[in-house]
Every structure is written in C-alpha cells, then in structure tokens.
Protein chains: 2
Amino acid sequence: MPQTAQPLYQQIKDYLLKEIQDGRWKEGEVIPSENALARQFGASRMTVNRAVRELTAESVLKRIQGSGTYVAPRKYQATLVAIKNIADEVRGRGHRHSSKLLRLERGEARDAHIMQFEVEPGHLLFHSIIVHFDNQVPIQYEDRWVNAKVAPGYMDLDFSVSTPNEYLMRVAPLQGVKYSIEAVNAPSEIARYLAVPEDEACLVLYRTTYALDQVASVATMWYPGSRYQFEGRI
Amino acid sequence: MPQTAQPLYQQIKDYLLKEIQDGRWKEGEVIPSENALARQFGASRMTVNRAVRELTAESVLKRIQGSGTYVAPRKYQATLVAIKNIADEVRGRGHRHSSKLLRLERGEARDAHIMQFEVEPGHLLFHSIIVHFDNQVPIQYEDRWVNAKVAPGYMDLDFSVSTPNEYLMRVAPLQGVKYSIEAVNAPSEIARYLAVPEDEACLVLYRTTYALDQVASVATMWYPGSRYQFEGRI
DNA sequence: TAGTGGTCTAGACCACAGC
DNA sequence: CTGTGGTCTAGACCACTAT
C-alpha cells in the first residue's frame, strides 16, 4: 500500500463523511455493512471496522449490533464555550500576565458559604481577592473562597508566581466543576479595580470546583464587558 | 474468552488508567510498549493497540513513533459552557416558549455584512428581529441576518411555530459555528423589548453559522443579565 | 541495528436482530 | 436461519527513534 496517501482507514472515514455531508445518506438511514465496505475498498473487515468505530465514537454514526450502522441523528444543537485559565490565556495571546493580591485572609464558614461548601458552620476557609492584568490592563477581578481541608497551604502561596487555579490543580486532582455565566452591572468597588465606569456591564463567572469528594473552591470572577469576551468555534 | 467480563481491550484501558490515576506512572513518563503489554495480558498486539490508541485519542496518553508511549501532560484546564437552542431550553424547563416577530425584511449586503458574510456588495440577505419569551417573560432579543443563498425560503416561515434555528438546521447541514459572548449595557430599544431598565447588563451572544461552504447566518442575541445565565458542569 | 509505534490482513468466534 | 456488529488473533511490512 502506498503510504504517500492517507491510511486506508482514514480514506474510508473521509468517504463516509462525504456521503453524509453531501446528503446522499440522510439522518437515520442505514449505511453499507462492514463486509460491503470491505469489498468496496478492497480492505479487510478490521480496517473498515476501525473507520466505522471511530466515526461512531465521534457520534457521526450509530451502530446497533445485529441490525446495522446508521447515520446518527443530528447533533444536539449546542455551542460550547471554552473558559481557560486566565494566566494561560493571557500568555497565549503573547501578552504579559500579572496580578495584584488585594486581600488574603482566613475565615469561618457562615451563611451562604455553608450551603456552597456543604460544610458545618465554623469550618475553616481561606479567602482571596486578586486582580489579574493583561499587559498592565485589568481584565479580571477574582474573589475566591477555598476549603482549607483541600488546600491547607493556600495562605502560604506566592500569588505573584502561581495562580490559585494552578495551585488547586496541583494539590488535588479536580473531580468536577459547576459554573454559570451572568451579566451584571459593576458595583463601585469592582468597577474601580477594573478601571471601568460604575455600572458597566461585566461578565461574571461563578465557578465551584470539587476535589477529594468535597467542594474545593468557590470563585466569582468579574470581567469588564468592554474589553473581554468568551469565544470559540466548532 | 468469557464475555461475561469486560472486553479485553477495555480491561487494558482500565489498567492503564488506574496506573496513571494512582500515580504509579507520572506525567511525561514512558509506559510499557505494546509488545510488553501484549505479553503481560496474553493479548495480541492489535488488542493492546486499540486500548492505547483510544486512550491517546482521549489525550490521556501521547505516542511518539519510534520512541514510545508517554503519559500525556496535564489536561488543558478548560471549562465548557453549552448554549442550547432557546426554544428547547425553555421547553426543557417545563415552561412555555413563545416569540414575537418584530421585523422581517429583505436587504442587500453592505458595510459590515460584506465582511461578516464574505459576499459581494448587493448580495441578497434576509433580516429578522424576534423576541423570545419564557412564560410571557422576555428572555431573548434576537437580531439575525440570513444568507438568501442558503435559506431562500426564510421569508415564508411561520416564526410562531418554528424558530430560525430549526429552519436553518433543516435546510442545510451545519458545518461550523463561531461565536463570542460579551456583556453589554442594554441600549434603550433593546431594554424596552426585554422589559429591563436602560443600561442593564446583558449577556450578548454573537453567533455565525456556516453551511454549504458559506456563511449561513449571523445572529446577535441579547439576554437580560437579571434573569438569564449560561450554566453547566463537568 | 534493535525497538517502537502505525497500519493492515484473513481469518475466527460470539451476541444480537430480523425474518 | 442469515446477516449484522463486537471482539480477538497471529502474523506482516513499514517509518521512525535511539544507540
């Protein structure tokens, strides 16, 4: 087989994708069996199997044992937005990331924190407020509460070299994340730190992370609407 | 082989994952070769290959031909937010979705549209403005331009029964989506339709969709910050 | 040169669906 | 029952890396 071209299984994948993309095989219809494709391409069944299996994993196809292979129902219309670590993102743009620690303190769980962290009143928590800059321009105001049980060394961190995120990822494997994005008019204190007019629309990302079977941290991140956006593509 | 248990390739995957999860094989380290694993499990190389290849596709491992298989570097820290079709979302909450068509017209590409749609000046476009309601409460102001070449029947739609999205998905297979999310203070007209105070912070989703190798539509969707949020979990 | 991953084959046996 | 997908083997040749 000439390897100058694509591998055979990839050629088969491309063929299948093209048939679907061009509408010759419609949603829900059966496509040729593995044996038929093997004959058509002069390939072994294993090679065809790999092509079809991978497309099934990519949810382009759907297989039913004993029945056949079908074109998968149209993908659930969802747009995915990727939210990256702020420091990585700034560096990824080729800019310089820096941060300023506004507050670092220990506190006890009370009121809303008891619900958010699912802990007893009085449970030890750490609290930090940090402003992140992209080339000296403030782009994120981060208010974070951290579970001392998960990150006991949080107060000893040097936030000028590592971000809270990086530390939390290091001390405990992340088990899950829950988040929401809202738009909120900036209150005066936050507007001041972000250097925007009071009441400017801000993107606010609430994020709760889970590690070691507990709530690890609860963070509220404010981004000025005038100079920050989440983006992506499929 | 007793099929009461998991398939062999899956057992091998589980074994590899456990070694990594338990920290016996650390980030960047080499793992045993395919031949070594084949001997260890009494499996053929093809079976081991499948296990390792799938874990590589899941970016748990990294393979270098001629060199070896390594534990992949730390997963890219990204949070994914899913944005669904507004009608589906409202119905998913068990509420009633309705919409009001504020404007429907044909127009020609000019200025910014020429860039956005990548077409010649004068290219036929359709323009619609719709407000979507969740149980009578306005939650989205949708301003959309559509490429007439892709959706020639757009002007004949009954927007009270199907949303633009549903129609566009039906007439042409979606090839791609590009989007961004911003926070913007509501201008007076939009604030009026969303029934919020002027200058209230709004989530704004810009979305460009591609179909038939062209730009299919460009939409700007405004959500009142006070009663809408994107959310999700991992 | 020896060892690694990358691909491929020609069989095989099994579980399951549909007739 | 036949045909489908699901899995597996024991080879094989190749391209590449390391020594």
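Sequence lines set the chain letters: A, B, ... in the order given, protein chains first and strands last, and positions in each chain run from 1. For clarity, every value in this text was computed on a predicted model and none was experimentally measured.
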query = Is there a donor-acceptor contact under 3.5 Å linking the side chains of B:N49 and B:R45?
reply =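 Judged by distance alone, the side chains do not pair up.
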
Please give, in whole Å, the distance from [N] [atom2] to [X] [atom1]?
X     : N     : atom1 : atom2 : result
A:I12 : C:dT7 : CD1   : C1'   : 12 Å
A:E29 : D:dT4 : CD    : P     : 17 Å
B:L37 : C:dT4 : CG    : C1'   : 13 Å
B:K62 : C:dT4 : NZ    : P     : 19 Å
A:E34 : D:dT2 : CD    : C1'   : 16 Å
A:Q11 : C:dT7 : CD    : C1'   : 12 Å

Donor-acceptor check, side chain of [X] to backbone of [Y], threshold 3.5 angstrom: yes or no?
X      : Y      : value
B:N147 : B:K149 : yes
B:Q11  : B:Q6   : yes
A:R96  : A:F133 : no
B:D134 : B:V90  : no
A:Q10  : A:P7   : no

Pick out the pairs of N or O atoms, protein on one side and nucleotides 16-19 of chain C on the other, that lie under 3.5 Å.
residue, atom, partner, partner atom, Å
C:dC16, O4', A:Q65, OE1, 3.3
C:dA17, O4', A:G66, O, 3.3

From [options], pick the nucleotide closest to the side chain of [X]?
X     : options             : value
A:R63 : D:dG6, D:dC8, C:dC8 : D:dG6
A:P7  : D:dG5, C:dC8, C:dG5 : C:dC8
B:L8  : D:dC8, C:dC8, D:dG5 : D:dC8

Pairing residues for [X] by the side-chain contact (heavy atoms from CB on, under 4.5 Å) criterion, not counting sequence neighbours:
X      : answer
B:P32  : B:W25, B:A36, B:L37
A:T47  : A:L8, A:Y9, A:I12, A:A43, A:S44
B:A151 : B:V146, B:Y154, B:Y167, B:L168, B:V171

Between [N] and [X], is there an OP1 or OP2 to side-chain N/O distance shorter than 4.0 Å?
X     : N     : answer
A:T69 : D:dT4 : no
B:S33 : C:dG3 : no
B:Y9  : D:dC8 : no
B:T47 : D:dT9 : yes

ask   = Once the angle between the rings of A:Y223 and A:Y228 is folded into 0 to 90°, is it parallel (under 30°), tilted (30 to 60°) or perpendicular (over 60°)?
value =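 Ring orientation, 0 to 90° scale: parallel.
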
request  = Give me the ring orientation class for A:Y15 and A:F41: parallel if the planes are under 30° apart, tilted from 30 to 60°, perpendicular past 60°.
outcome  =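 The rings of A:Y15 and A:F41 stand perpendicular, inter-plane angle above 60°.
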
Polar atom pairs between nucleotides 10-13 of chain C and protein, under 3.5 Å, N or O only, would you list them?
residue, atom, partner, partner atom, Å
C:dA12, N6, A:R45, NH1, 3.4

request  = Check each residue of residues 48-57 of chain B for a non-hydrogen atom within less than 4.0 Å of any atom in DNA chain C, then write out the ones that pass by number, or none.
outcome  =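 Hits under 4.0 Å, by residue number: B:N49.
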
query = Heavy atoms, side chains only, cut-off 4.5 Å: are B:R53 and A:E54 in contact?
reply =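 Side-chain contact under 4.5 Å: yes.
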
